[in-house]
Every structure is written in structure tokens, then in C-alpha cells.
Amino acid sequence: MSRFEFDKNSYSRYLGRNFKMLCELNHSMFNEPYRFINDTEELFIDGVLFSPFPFDVILPSQTETQGTQIIMSNVQNIVANEINKTINTNENIIVTLYFANIELEKAEKYDIGTFELQGVSITPESVTGTINIRTNLNINVGAIRYNNNLFPNLFL
């Protein structure tokens, strides 16, 4: 197994090729967890359906003091309406992030961590919140088939 660390500069090289980012939102006010994949196609993995939905995770650089930002599209106010249900409660929305390796015959997901969504701001275009991910990115994603054409700047 290879062990490597994602950082802000190399993060985008992994996503979009064989890795996809998955996001799960949980709160007691939700009927069921919301599960999204940052892709145009749905993914059924480990018996759970992840629906296509645009979101982005913005990692801080080494000099930034702010936390990691998660930005979700506010298409048809879907996310804003659900988040508004949680405003008068004393609990934060729990965000669980995963990487999914879709290159394999049977897709696998790797847990990045579980975080609380804080400092949420809602605009007509997007919903932005802060999660603390800085100390959780040293993860083991298992064996990876290395292809120099797909990952020219990756050094394991």
C-alpha cells in the first residue's frame, strides 16, 4: 500500500480522473442524509446512492489561517432550503467527505473524515461553509495503479 498526503497544490491532480469526491450531509432535521458526488453521473457504492451535485472543497494554503471551505451550488434553492431547517437547532450539520476510486471494476470509497459545518453563508448561487480539514488529509487510499500519462506530476 502506498501512503501519500494530499495538499492544496496536488489535490486537483487526483480529482476528475479516477477519483471523485463524495459528500454526505447529516442532521436530525433531515429525513435522511443527503449524499452527493461531484460529477455529472450518479454513483451507487456500498449499497448507497450518491446523486450528482456540484460542490467544491477549497483547501487552505500553509499561510492561510481560515479553515477549509466547502462550496455547494444552490441550484433551485435545494441546499439552502434544507440548511434553513437547521438554523433554530443547537446542532451543526455533520459533513462526511470521501474519495471514490472509480477506476476499479467495483468502485471503492475512502473516508477522509467527519466534520461540523460552521459559518454558513447563503447566496442565490451558492452555499458556503467552513470545515476543519487541515489535520485530516494524511490518509491511506490503498494501492493505486500508477500511470505516468494520467499522473505526470505525482511522485510516490
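Model, not experiment: these values are computed from the prediction. Side chains included, hydrogens not; waters and symmetry mates left out as well; all remaining heavy atoms used. Each residue takes its place number in the sequence, starting with 1.
Here the side chains of E24 and Y98 are in contact, with some heavy-atom distance below 4.5 Å. Side chains of T114 and V95 form no contact here, defined as non-hydrogen atoms less than 4.5 Å apart. At a threshold of 4.5 Å between non-hydrogen side-chain atoms, the residues L97 and M21 count as touching. The shortest side-chain heavy-atom distance between K109 and L22 falls under the 4.5 Å cut-off. Proximity of P52 to T40: side-chain heavy atoms (C-beta onward) are nowhere separated by under 4.5 Å. Side-chain contact between N26 and I93: absent, with no pair of heavy atoms (C-beta onward) separated by less than 4.5 Å. Residues I122 and I83 form a side-chain contact, since some pair of their non-hydrogen atoms from C-beta on lies under 4.5 Å apart. Residues N74 and T123 form no side-chain contact, since every pair of their non-hydrogen atoms from C-beta on lies 4.5 Å or further apart.
With no hydrogens or angles considered, no side-chain donor-acceptor pair links E82 and N84 at under 3.5 Å. No donor-acceptor contact under 3.5 angstrom links the side chains of S73 and E125, judged on distance only. If you check the side chains of Q69 and T130, you find a donor sitting under 3.5 Å from an acceptor.
Here the shortest heavy-atom pairing between F55 and I37 reads CE2-C, 3.9 Å. Smallest separation of non-hydrogen atoms from S126 and I71: CB-CG2, 3.9 Å. For I45 against E108, the heavy-atom pair with the smallest separation is CD1-C, 3.5 Å.
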- Item | Full working for side-chain contact (heavy atoms from CB on, under 4.5 Å) between T128 and I70 | CA-CA 6 Å; T128 303; I70 184 165; over 6 Å; no
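Aromatic ring orientation, Y34 versus F30: perpendicular (interplanar angle above 60°, classes split at 30° and 60°).
At most 12 non-hydrogen atoms from other residues, nucleotides or ligands lie less than 6.0 angstrom from CD of E42.
Following chains of ILVMFWY side-chain contacts shorter than 4.5 Å, one can reach V48 starting from I102, so the two form part of one hydrophobic cluster. In this structure, I94 is not a member of the same hydrophobic cluster as F115, with clusters built from ILVMFWY side-chain heavy atoms closer than 4.5 Å. Under a hydrophobic clustering in which Ile, Leu, Val, Met, Phe, Trp and Tyr are joined whenever their side-chain heavy atoms come within less than 4.5 Å, directly or via other members, M72 and V57 fall into the same cluster.
A distance of 10.0 Å separates NZ in K20 from CG in L43, rounded to the nearest 0.5 Å. Atom OG1 of residue T68 and atom CD1 of residue I131 lie 6.0 Å apart, to the nearest 0.5 angstrom. With values rounded to the nearest 0.5 angstrom, T86 atom OG1 is found 8.0 Å from N92 atom CG. For the atom pair CG of N101 and CZ of F99, the computed distance is 11.0 Å after rounding to the nearest 0.5 Å. Put simply, SG on C23 and CZ on F50 are 9.0 Å apart, with the number rounded to the nearest 0.5 Å.
Of the possible polar contacts, none joining the H27 side chain to the P33 backbone as a donor-acceptor pair under 3.5 Å is found.
In this view, N81 and N77 satisfy the side-chain contact (heavy atoms from CB on, under 4.5 Å) rule, not counting sequence neighbours.
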